Amino acid sequence: MASRAGPRATGTDGSDFQHRERVASHYQMSASLKNEIKKLIYAHLVIWLLIAAQMCVSHLKLVSKDLVAMPYQWEYPYLLSLVPSLFGLVSFPRNNISYLVISMISTGLFSIAPLIYGTLEMFPMAQQLYRHGKAYRFIFGFSAISVMYLLMVVAVQVHGWQIYYSKKLLDAWFTNTQEKKKK
């Protein structure tokens, strides 16, 4: 009998924990991976909100064009990148494999693909900034190219880790379903 304040049960020295049941490793892995993916989804939400705020401010002309640049073309399809994250969150409570697969595939389509296109779209302007030191778009006094490339580097890492952890979570869930089928 465990007691915080009272004496230890007679006849034991505390080394009798070996016989107790343990949580299976794939359940532990599933819980930790879900936690990591949720953190990445929240980081993605912050990136998404920054891009959405920049687009709203520039389109609604809340500040001058000198302060916040008009959005690049890749930013519009990137706004759809919130949908895969929602599918990922919906897949967690009941370990829904199909929603997680949809999340992984659509993350590549709606998140990674616009970022790759954005890299190619902004490359000539980045080259001009590097060679001649001239920038024509600004975000709060900083070169829009520099700010957006920095944001893109972080976003690629977030989405890459999200896909990686989702794949590991999918493997853990498959292990779980295979064991249930054997019984």
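Everything quoted here is computed from the prediction, not taken from an experiment. If you read the sequence from its start, that first residue is 1, and numbering goes on from there.
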Specify the closest pair of heavy atoms between [X] and [Y], including all atoms of both residues, with the distance to one decimal.
X	Y	value
A155	I47	CA-CD1, 3.8 Å
M70	S58	SD-O, 3.7 Å
L109	P114	O-CD, 3.5 Å
L129	S146	CD2-OG, 3.6 Å
F110	P84	CD1-CG, 4.2 Å
M152	G118	CE-C, 3.4 Å

Can you tell me how far [atom2] of [Y] sits from [atom1] of [X], rounded to the nearest 0.5 angstrom?
X	Y	atom1	atom2	answer
Y165	M104	OH	CE	14.0 Å
K38	L45	NZ	CG	14.5 Å
L40	Q157	CG	CD	10.5 Å
H44	I37	NE2	CD1	14.0 Å
W48	Y78	CH2	OH	10.5 Å
S81	L86	OG	CG	10.0 Å

If you count the non-hydrogen atoms of other residues, nucleotides and ligands that lie under 6.0 Å from [atom1] in [X], is the total more than 12?
X	atom1	result
Y149	OH	yes
Y99	OH	no
M29	CE	no
Y76	OH	yes

Donor-acceptor contact below 3.5 Å, side chain Q128 vs main chain A135 |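 Such a contact is absent between Q128 side chain and A135 backbone.
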When you measure from the side chain of S91 to the backbone N and O of G88, does any donor-acceptor pair fall under 3.5 Å?
->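 Yes, S91 side chain to G88 backbone: donor-acceptor pair under 3.5 Å.
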Student check: side-chain heavy atoms of [X] and [Y] closer than 4.5 Å:
X	Y	result
Q54	E75	yes
I51	W74	yes
W173	N96	no

Could you walk me through whether E36 and L169 pass side-chain contact (heavy atoms from CB on, under 4.5 Å), step by step?
-> CA-CA 10 Å; E36 291 297 320; L169 181 61; over 6 Å; no
Looking at Y72, does the NZ or CZ of R137 lie under 6.0 angstrom from its six-membered ring centre and within 45 degrees of the ring axis?
->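 Yes.
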Derivation and outcome, side-chain contact (heavy atoms from CB on, under 4.5 Å), residues S85 and Q162 | CA-CA 9 Å; S85 295; Q162 186 177 354; 3.8 Å; yes
Passes side chain to side chain donor-acceptor pair (under 3.5 Å), T107 versus H159? Steps please.
-> CA-CA 7 Å; T107 295; H159 295 304; 5.6 Å; no
With clusters defined by side-chain heavy atoms of hydrophobic residues (ILVMFWY) lying less than 4.5 Å apart, directly or transitively, does [Y] cluster with [X]?
X	Y	value
V101	Y164	yes
I112	Y117	no
V63	L49	yes
I97	V90	no
L115	I163	no

Could you give me the CA-CA distance, side-chain angles and deciding distance for V158 and W161, then say whether side-chain contact (heavy atoms from CB on, under 4.5 Å) is met?
-> CA-CA 5 Å; V158 166; W161 283 110; over 6 Å; no
